[in-house]
Amino acid sequence: MSSPVIVYPPELPVSAARDEIAAAIRDHQVVIVAGATGSGKTTQLPKICLELGRERIAHTQPRRLAARTIAERVAEELHVELGDLVGYKVRFTDQVSDATRIALMTDGILLNEIHRDRLLRRYDTIIIDEAHERSLNVDFLLGYLHRILPERPDLKLIITSATIDPESFAAHFTSRNGEPAPIVEVSGRTYPVEIRYRPLSDADATPEESAAGGRGRGRPAGRDSVKSLRSSEPAATEPEDEVGAIVAALRELDREAPGDVLVFLPGEAEIRDAAEAVRGAYRSSTSPVEVLPLYGRLSAAEQHRVFEKSKVAGLRRRVVLATNVAETSLTVPGIKYVIDAGTARISRYSARSKVQRLPIEAVSQASANQRSGRAGRQSSGIAIRLYSEDDFEKRPEFTEPEILRTSLASVVLQMLSLGFGDITEFPFLTPPDSRGVKAAFDLLTEIGAVDLPRGSQPRLTRVGREISRMPMDPRFARMLVEAARAGSDVLTAVTPIVAGLSIQDVRERPSADAPQSVRDEADRMHARFVDPTSDFLTLVNLWNHLREQQKELGSSAFRRMCRSEHLNYVRVREWFDVHRQLKTLVKAPKHSGRPATEGAPDPDAVHRAILAGLLSQIGILDERTASTSKNKAKGEKRRIAEYRGARGIRFSIFPGSGLRRKSPQAVMAAEIVETSRTYARTVAAIDPAWAEALAGDLAKRQVTEPHWSKDAGAAVAYEKVTLFGVEIIPKRRVQFARIDRAGARELFLRHALVEGEWDPPGSTNASVRSGGRTPSCGADWRNSRSASDAETSSPATRPCSPSTTSASRTRCSMCAPSRSGGARRWPRRPSCWSCARATCSTTTAVRIRPSSPPGGRRTIRCWGWPTASSRAPRTTA
DNA sequence: GAGCACTGC
């Protein structure tokens with residue numbers, strides 16, 4: 001085929017640097033291109049590569065939409081049809097052909113191709129775009145590419161990043177002769193943005209600082225008048241709260257040229273508060289402002305208002321109140337001013353509690369600059385930061401890479417599947433935290449995906465290999481594996497559930513400023529599908545409804561139906577797409593389980609399959625909090641029933657759940673997230689009998705030290721079984737007949753190898769494991785009197801996570817004084833007897849610390865998870 | 001009675 005005519009738009013800064021870039025690519029295997037927004041690097045780099053004679057170019061993007069639109073753009077500039085010379089590949093769709101030489105794709109796609117093409121031989125050039133975002137995918141890709149570059153001397157790697165920190169990429173790709181990869185810097189094409197600092201009064205900034213930060217501008221007059229509207233305090237002070245500061249900043253901008261304002265706030269609640277205040281402040285104003293909230297959970301129509309022309313007559317300006325959506329995925333048009341509260345909800349995975357947290361944190365300097373940059377896209381602008389310059393200077397330069405903030409289970413699984421047994425050997429740009437890696441192994445062991453044989457590298461089980469092929473959360477993938485085992489009818493029900501869990505909820509709840517009637521209507525529409533025992537079955541009901549409607553209606557009628565029933569059409573399509581993909585990946589064996597039957601599957605069978613992925617996500621109703629809430633009910637705010645879960649966490653059911661009011665005795669949750677409280681999302685009531693069945697596997701078995709009973713003429717001990725601290729099998733007496741006390745102890749210790757020294761976990765001796773069989777038990781062994789003491793002070797007897805028993809910490813976080821000051825309810829103990837003793841995964845070997853802890857108690861704790869197949873009760877065919 | 005944003009053969 002004829003070569004395309006390659007022309008570079010002269011207005012793009014990258015065009016001027018193209019000879020330099022081309023030379024760098026020609027002479028080096030790895031090149032870093034650092035360019036700000038608008039430099040044109042994304043669209044022009046593939047053309048430069050093409051001109052250099054590169055034949056098969058992979059160009060990755062973090063988002064699907066970007067991959068597609070950039071492909072369209074490049075094809076247009078080269079005057080070729082999309083899918084011909086230039087194509088794209090994203091999940092569910094691709095437009096590539098044999099003629100394709102430039103393939104735009106999401107980084108996830110390239111990552112996945114590694115499984116079939118270990119050295120990525122199908123490409124001779126790889127461009128990793130937006131590497132500065134440091135997504136988990138990019139970090140893993142860069143580590144992997146670092147590994148294979150010596151084996152692929154013909155492969156060219158180009159990494160592009162914003163101007164922040166290109167040196168770290170260059171250093172990571174240092175060549176054999178010790179030279180870092182060359183960096184080519186390209187200027188951006190944005191307009192200047194003036195930064196003004198307007199800290200809140202309770203911030204630590206001095207007035208001089210804020211004056212300096214504000215380029216010597218005086219305090220605006222309007223701000224004080226707003227302040228006096230909001231409170232009776234002296235008007236001369238700075239606003240004390242965020243909402244007041246936003247209104248004050250808007251008043252300040254009122255004296256500037258017209259232009260829309262983008263306000264960055266951490267979350268939905270803050271947006272609601274701010275919206276109310278801004279509307280209130282401008283209600284009587286002669287020049288009205290339009291307030292538009294913008295966040296991810298908003299309905300498509302409400303989000304779209306940002307891109308539409310306003311219908312308000314005589315509008316002075318629009319004020320868009322947004323979360324981080326506006327920083328990454330959406331570009332709000334026409335913004336001239338930015339007000340930045342300087343915070344965001346950042347996702348963090350707690351390796352200790354294994355719960356996802358969403359704390360509100362100060363954003364990094366890079367993020368703050370990205371936000372203020374939004375004011376300079378179309379003309380020069382102003383950004384007002386609601387914090388001091390000093391505060392800004394103290395902030396971390398970059399947002400922590402995702403690899404340090406997220407669950408690593410999926411990455412670890414992929415690595416094992418690709419044959420990297422030792423994760424510490426992998427050339428990560430930023431090595432993940434060892435606690436995070438351990439947490440990942442814990443999870444993978446829990447779901448039976450990995451085996452940790454004594455003295456050798458961890459390896460994938462058969463289940464693990466199946467799970468690693470599935471593009472989703474390992475917990476969810478585990479459910480599918482179990483469903484397939486249970487039979488095709490269970491699989492048929494579980495597949496849409498799993499697909500539904502792995503996308504954003506299709507149900508749309510109108511924002512608070514929508515009319516009450518609309519919100520009630522949405523609630524009513526959604527309530528039709530509610531199953532009072534299980535949110536999972538609710539998903540099935542909703543799924544069945546959607547599939548029926550889709551069959552009956554034409555596509556545009558179906559779309560209208562979705563809108564009128566407050567279901568997000570785009571996400572519904574995504575649900576269908578994921579479902580279709582999962583169906584091709586997982587098939588039930590022909591003769592397994594019951595034959596496929598018409599109609600509803602056995603809910604218990606469905607829940608058992610789901611449970612296989614959620615073993616440590618079980619919670620048991622805390623009767624005490626439930627009962628106190630009844631006593632306290634005096635027209636006051638009702639207390640929400642709390643559940644006790646694994647690792648001592650407490651949670652309540654998410655308000656959107658159909659089980660919220662019922663408060664069942666035992667639940668399992670698809671997801672547990674900590675925000676202001678800890679919420680379990682998508683829950684199902686589980687049969688209390690299951691809990692008992694599970695107890696044998698999961699529960700902590702506590703046995704008292706045997707003592708001689710004259711009465712019985714034998715050694716006796718007391719045993720009880722608890723699941724996550726809740727007694728499942730009540731205390732009962734165990735007799736060791738015709739054995740004296742010493743014999744009884746022998747009997748008990750038969751499975752426990754007692755050695756003189758106890759090695760703190762973390763040393764090589766600490767994780768004692770047995771091969772093969774991994775019964776799960778915890779034994780808590782001490783003299784009988786202290787055992788009964790412990791039972792009466794039950795909050796302290798909850799199991800502690802073995803991961804907290806690090807050498808440096810002799811107390812676990814539950815027993816140690818709480819840093820947050822009294823948030824923990826259980827009594828503090830002088831030292832931790834329940835975790836800082838010994839840890840093992842089975843009963844075959846336990847080391848006991850030689851000195852007894854205060855109170856003369858001795859503890860053996862065994863903690864491990866059974867292999868997955870042994871856990872869930874099986875269906876009989 | 002409530003939650004940042006992405007993504008995958």
Side-chain angles (χ1 to χ4, degrees), chain A residues 60-67 89-94 105-117 130 133-138 140-141 264-272 294-298 322-330 341 343-348 356-361 363 367 370 399 402 405-406 410-411 413-414 417 467-474 476-477 499 502-505 507 509 511-512 519 523 574 577-578 580-582 584-586 637-641 652-658 660-661 671-682:
Chain A
T60 73
Q61 286 295 319
R63 283 165 280 277
R64 277 190 237 164
L65 183 70
K89 287 195 258 190
V90 294
R91 195 179 189 182
F92 312 126
T93 42
D94 59 43
M105 61 188 75
T106 49
D107 39 30
I109 292 270
L110 186 63
L111 213 47
N112 236 316
E113 288 189 355
I114 296 172
H115 288 275
R116 283 165 298 150
D117 181 8
E130 312 281 357
E133 286 189 19
R134 297 297 303 278
S135 68
L136 200 56
N137 282 350
V138 161
F140 186 56
L141 265 177
F264 283 101
L265 286 160
E268 198 179 325
E270 290 78 10
I271 287 176
R272 228 179 1 248
L294 180 66
Y295 46 88
R297 259 166 37 83
L298 219 52
T323 62
N324 255 0
V325 257
E327 193 186 313
T328 51
S329 44
L330 290 174
T343 50
R345 277 195 189 269
I346 312 260
S347 168
R348 290 192 179 276
Q356 190 204 356
R357 300 175 56 235
L358 281 168
I360 294 175
E361 291 181 10
V363 299
S367 181
Q370 173 84 9
T399 308
E402 199 184 354
R405 296 187 284 113
T406 190
S410 197
V411 166
L413 190 70
Q414 295 306 313
S417 153
I467 291 175
S468 69
R469 289 188 303 118
M470 296 184 210
M472 63 200 321
D473 184 309
F476 298 159
S502 59
I503 57 161
Q504 286 180 287
D505 197 337
R507 288 163 289 191
R509 233 180 102 88
S511 61
R519 305 179 66 203
D523 286 347
E574 181 92 357
D577 286 338
V578 175
R580 185 158 34 81
Q581 190 184 28
L582 294 183
T584 64
L585 286 171
V586 189
K637 210 169 149 187
R638 242 188 82 225
R639 265 184 82 181
I640 308 143
S652 39
I653 297 178
F654 188 73
S657 168
R660 174 81 165 187
R661 287 176 193 283
E671 195 185 4
I672 299 176
V673 182
E674 184 189 315
T675 52
S676 51
R677 305 174 57 96
T678 306
Y679 287 105
R681 190 187 158 165
T682 317

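Excluded from the calculations below are hydrogen atoms, water molecules and symmetry mates; all remaining heavy atoms, backbone and side chain alike, are included. Sequence lines set the chain letters: A, B, ... in the order given, protein chains first and strands last, and positions in each chain run from 1.
In this structure, the nucleotide among B:dC9, B:dT7, B:dC4 sitting nearest to the side chain of A:Leu358 is B:dC4. Among B:dA2, B:dC9, B:dG8, the nucleotide with an atom closest to any side-chain atom of A:Leu585 is B:dC9. Closest to the side chain of A:Pro655, from the set B:dA2, B:dG3, B:dC4, is B:dA2. The side chain of A:Arg509 lies closest to B:dA2 when the candidates are B:dA2, B:dT7, B:dG3.
Within 4.0 Å of A:Tyr295, counting heavy atoms only, lie sugar-phosphate atoms of the nucleic acid but no base atom. Base contact: A:Asp473 has a heavy atom under 4.0 Å from a base atom. Nucleic acid contact class of A:Thr675 (heavy atoms, under 4.0 Å, all strands): sugar-phosphate only. Residue contacts for A:Ile346: at a heavy-atom cut-off of 4.0 Å it reaches no nucleic acid atom on any strand shown. Residue contacts for A:Gln581: at a heavy-atom cut-off of 4.0 Å it reaches the sugar-phosphate backbone alone, with no base atom in range. Looking at heavy-atom distances under 4.0 Å, A:Val325 makes contact with sugar-phosphate atoms alone, never a base. Here A:Gly296 lies in heavy-atom contact (under 4.0 Å) with sugar-phosphate atoms only. Across all strands shown, A:Ser135 has no heavy atoms under 4.0 Å from either base or sugar-phosphate atoms.
Under a 4.0 Å N-O distance rule, the pair A:Arg405/A:Glu361 does not qualify as a salt bridge. By the 4.0 Å N-to-carboxylate-O rule, A:Arg509 lies too far from A:Glu268 to be salt-bridged with it.
Ranked by how close their nearest DNA chain B nucleotide is to the 5' end, A:Ser468 and A:Gln356 are led by A:Gln356. Nearest-nucleotide assignment on DNA chain B puts the 5′-proximal partner with A:Ala344, out of A:Ala344 and A:Arg469.
Smallest separation of non-hydrogen atoms from A:Glu671 and A:Val673: OE2-CG2, 3.6 Å. Between A:Ile271 and A:Tyr295 the shortest heavy-atom distance is CD1-CD2, 3.7 Å. Taking each heavy atom of A:Leu358 and A:Ser347 in turn, the nearest pair found is CD2-CA, 3.8 Å.
Atom CD1 in A:Ile672 sits roughly 16 Å away from atom P in B:dG3 (whole-Å rounding). Going from atom CD of A:Glu671 over to atom P of B:dA2 covers 17 Å, rounded to whole Å. Following rounding to the nearest Å, A:Tyr679 (OH) and B:dG3 (P) show an atom-to-atom distance of 5 Å. In this structure, CD of A:Gln414 is placed 11 Å from C1' of B:dC9, rounded to the nearest angstrom. Straight-line distance from the NZ atom of A:Lys89 to the C1' atom of B:dG8: 13 Å, rounded to whole Å. One atom, CZ of A:Arg64, and another, C1' of B:dA5, lie 14 Å apart when rounded to the nearest Å. What separates CD of A:Gln504 from C1' of B:dA2 is a distance of 15 Å, to the nearest Å. Atom CD of A:Glu574 is separated from atom C1' of B:dC6 by 12 Å (rounded to the nearest Å).
Here the side chain of A:Glu674 pairs no donor or acceptor atom with the backbone of A:Arg357 at under 3.5 angstrom.
A donor-acceptor contact under 3.5 Å links the side chain of A:Arg681 to the base of B:dG3. Residue A:Arg116 places a side-chain atom within donor-acceptor reach of the base of B:dC9, judged by atom type and a 3.5 Å distance cut-off alone.
Of the side-chain N and O atoms in A:Thr323, one or more sit less than 4.0 angstrom from OP1 or OP2 of B:dA5.
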